There are 2 protein chains.
Amino acid sequence: MGVLEKIPATRRARRANVEAVPAARLPLNEILRGDCIETMRALPDRCVDMIFADPPYNLQLGGDLHRPDGSQVDAVDDDWDKFDTFAAYDRFTRDWLREAHRILKDDGTIWVIGSYHNIFRVGTALQDQGFWVLNDIVWRKANPMPNFKGTRFTNAHETLIWCSKAEKAKYTFNYRTMKALNDDVQMRSDWTLPICSGGERLKDDDGHKAHPTQKPESLLYRVMLACTEPGDLVLDPFFGTGTTGAVARRLGRRWIGIEREDKYIKVATQRIAATLPLDESAMMSIPEKKAMPRIAFGLLVEGGLIPPGSVVTDARRRWSATVRADGMLASGCGAIGSIHRLGAQLQKAPSCNGWSFWHIETAQGLEPIDAVRQRHLAELGS
Amino acid sequence: MGVLEKIPATRRARRANVEAVPAARLPLNEILRGDCIETMRALPDRCVDMIFADPPYNLQLGGDLHRPDGSQVDAVDDDWDKFDTFAAYDRFTRDWLREAHRILKDDGTIWVIGSYHNIFRVGTALQDQGFWVLNDIVWRKANPMPNFKGTRFTNAHETLIWCSKAEKAKYTFNYRTMKALNDDVQMRSDWTLPICSGGERLKDDDGHKAHPTQKPESLLYRVMLACTEPGDLVLDPFFGTGTTGAVARRLGRRWIGIEREDKYIKVATQRIAATLPLDESAMMSIPEKKAMPRIAFGLLVEGGLIPPGSVVTDARRRWSATVRADGMLASGCGAIGSIHRLGAQLQKAPSCNGWSFWHIETAQGLEPIDAVRQRHLAELGS
DNA sequence: CTACGCCGTGAATCTGGGG
DNA sequence: TCCCCAGATTCACGGCGTA
């Protein structure tokens, strides 16, 4: 039984349109080798729930650039980023967006990331194609490359555009999941996240970076948590080293990647094979309940529903932690944090929904702490 | 004596092009009543140093949107044709940007602010018009309006696009001023500033806000400090309540505003009259090193500040060299060259700033030779 | 074992004046 | 228009080696 079948019927019902082709006949969890436009043409209408696209930025770089210490900046000089004119870039953009619009389900959404070099062309083409912009999201880089020559402001962000298929189209937005991720205030349109470096950055056999523009998993993690459900199908037409596939697998989403270059396909294949799905409870989004009063975890501790000193574990008892009087959790290894933070830290995930990840032994057996919260809520209501 | 005359000749010289019309014949520090395109047409070529534009955002409220023939776009209608509306907005944008490009000096810059509703159209039109994007700046609102329905991310930012007139055009960027404003680290492309509220928010006679999209003065303050000099002429073709004019006056810049509606002109006029210019010392930007008078190394040798035969080393004393009477350096290995050349050669670097690389033993200890130059400069000034 | 410092590096439209 | 050369210019991390 696949993950899809576990989605509650009420959520599945939000999918307004019927899949034109059974999922079994789609190339699921595979990298399709080829040109993105040609390859999308071979996919049926309205078959994917979400598209994440990281197209070439058309950087138009000039000569070499040196840091003040004399070292040279490793520039993006790949052929795939070269276009003769803005008109050529616009044609390319319109062509792939046309196919993207066709294969997207009517209640699906598309995300496209870019910089000032290309994002205005992309945004215009999205609107002209009939996509409806829901938000533009700013990825604020925590650690951008400086402007070495002191000629401009540090280019410290990139822009993502999030669109539904049409103005009145339904779409998935896991509002409460995003709010929980953001310390219980609404998630804003600016996200501060580090660039991809350290152990996450894939290297080729020579030890050089495998791809010049690898995106951080935290970015895709937030995108997918925000607007897909487990079992949903995510397409990435510019797959590169497969960040989209890795995060999809980790979050229990299905995926299709399209990539032209064998070297990237090879790296992505290995990477995704080495990625393990997260604990199932951690990937479920918080049920969308309107007007649910906010209950801090500390309130349950204060109120004696989860007394200090209680031991909580994940569903499979791989990790455990002790509840402190101030509502924080302490793990055996010495780490301390909120239910969300500690869950993320132990799993080495960028974020975690502590309410569904942490469980506690009750009269009903091992239950997520959210169950305790729900009972408390019910009591408050009565 | 006007402020302009106080600008050092070295800076004025950076203004490459001659004003087509003497500044005295321009309508300075005035609000011109009328349509922005028609009014710009009456201004001469290459007459303004900077343009700040806050064009109408909303594609569906056609109040500010007119077809080229003057008829109004009827957009608030369930049956409205999206393409027609976007096309009308694009025509309007191209028309005013064409005039903006014409009246901007060759070394001037333009700033346009917008949201995801219009900024992609604006950015595309800017690039198509030949403007060269220098940065896109994100105004991160410290206190944005929440998304009440919980259907999207909180729209917590707006975007500004900063362009020079052409790819190779010179432009003013007060790098060191921006760095100083930002605790001595490079100013980034994301600016966190509060929205306009409280006492700054202008009210009409009924106590309602005078303008729906009044921009905070802090935003204009940073823009003008970054890329204009005192005495420069700033144009705002969508003047509204005159934030641009107020900040220009405060910072000793000259300004021209264009506004169609009498009620805004009235509010702006009162506001600017009540704004006092800052003390002159407060409005000067930090001098850019590039604009400071050059002192040849040989001059210091001639003047006896660094006598021939002196030994200079790098900060860690890994390399040393002897100063020759002609201002060249000679290293022990026989290499001879300017302070820059020899520094680069010894480090095997593509280039080197000899002023900061080479050090000399003084009463203050081991100092970069630039310190000697700075002291010499200070003596010359007094 | 920790602390500290050095080194490498990241989607970058990255100098300007004089001869 | 091109060449030459003076000289201005970097932030946050992660990894690794040394004290």
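Just so we're clear, the structure is a prediction, and the values are computed from it rather than from any experiment.
Residue contacts shown for A/Pro194 are absent, as no nucleic acid heavy atom lies under 4.0 Å away. Residue B/Gly354 is out of contact with every strand shown, counting any heavy-atom pair closer than 4.0 Å. Here B/Ala296 lies out of heavy-atom contact (under 4.0 Å) with every strand. In this structure, B/Arg176 reaches the sugar-phosphate backbone alone: every heavy-atom distance under 4.0 Å involves primed, P, OP1 or OP2 atoms, never a base. Residue contacts for A/Asp78: at a heavy-atom cut-off of 4.0 Å it reaches no nucleic acid atom on any strand shown. Counting non-hydrogen atoms under 4.0 angstrom, A/Ser115 reaches nothing in the nucleic acid. Residue contacts for A/Asp81: at a heavy-atom cut-off of 4.0 Å it reaches a base atom on one of the strands shown. Note on B/Asn353: a base of the nucleic acid sits closer than 4.0 angstrom, heavy atoms only.
Between B/Phe153 and A/Trp111, the two ring planes are perpendicular [angle over 60°; tilted spans 30° to 60°]. Ring geometry for B/Trp162 versus B/Phe173: interplanar angle of 30 to 60°, hence tilted.
Between A/Lys215 and the phosphate of C/dA11, there is no side-chain N or O to OP1/OP2 separation shorter than 4.0 Å. OP1 or OP2 of D/dG7 lies within a sub-4.0 Å distance of a side-chain N or O belonging to B/His340. Residue B/Lys179 places at least one side-chain N or O under 4.0 Å from the OP1 or OP2 atom of D/dT10. Between C/dA11 and A/Arg201, a contact under 4.0 Å exists linking OP1 or OP2 to a side-chain N or O. Residue B/Ser338 has a polar side-chain atom (N or O) positioned under 4.0 Å from OP1 or OP2 of D/dA6. Between B/Tyr171 and C/dT15 there is no side-chain polar atom (N or O) within less than 4.0 angstrom of OP1 or OP2. At the phosphate of D/dA6, neither OP1 nor OP2 sits under 4.0 Å from any side-chain N or O atom of B/Arg294. Contact check, A/Asn147 against D/dT9: no side-chain N or O comes under 4.0 Å of OP1 or OP2.
Taking atom C1' on both D/dT10 and C/dT9, the two are 12 Å apart, rounded to the nearest angstrom. Taking the P atom of each, D/dG7 and C/dC14 are spaced 23 Å apart, rounded to whole Å. Separation of the P atoms belonging to D/dA8 and C/dA11 is 30 Å when rounded to the nearest angstrom. Of the C1' atoms belonging to C/dC1 and D/dT18, the separation is 13 Å, rounded to the nearest Å.
Between the CG atom of A/Leu61 and the C1' atom of C/dA12 there is a distance of 6 Å, given to the nearest Å.
Residue-environment remark: CG (A/Asp262) exceeds the threshold of 12 foreign heavy atoms within 6.0 Å.
Contact annotation: side chain of A/Arg67 to base of C/dG10, donor-acceptor pair present below 3.5 Å. Applying the 3.5 Å distance criterion, the base of C/dA11 shares no donor-acceptor pair with the side chain of A/Lys209.
Nucleotide D/dC3 is matched to C/dG18 when pairs are restricted to Watson-Crick or G-U wobble geometry with both distances under 3.5 angstrom.
Ion pairing of A/Arg67 with A/Asp69 is absent here, as no side-chain N (NZ or NE/NH1/NH2) approaches a carboxylate O to less than 4.0 Å. Between B/Lys105 and B/Asp49 there is a salt bridge, since at least one side-chain N of the basic residue sits less than 4.0 Å from a carboxylate O of the acidic one.
Under the stacking criterion of a centre-to-centre distance below 5.5 angstrom and an interplanar angle below 30°, A/Phe148 is not stacked against the six-membered ring of C/dC14.
Residue A/Leu193 is tested with A/Glu217, A/Lys215, A/Arg222 for a side-chain contact (heavy atoms from CB on, under 4.5 Å); the sole match is A/Arg222.
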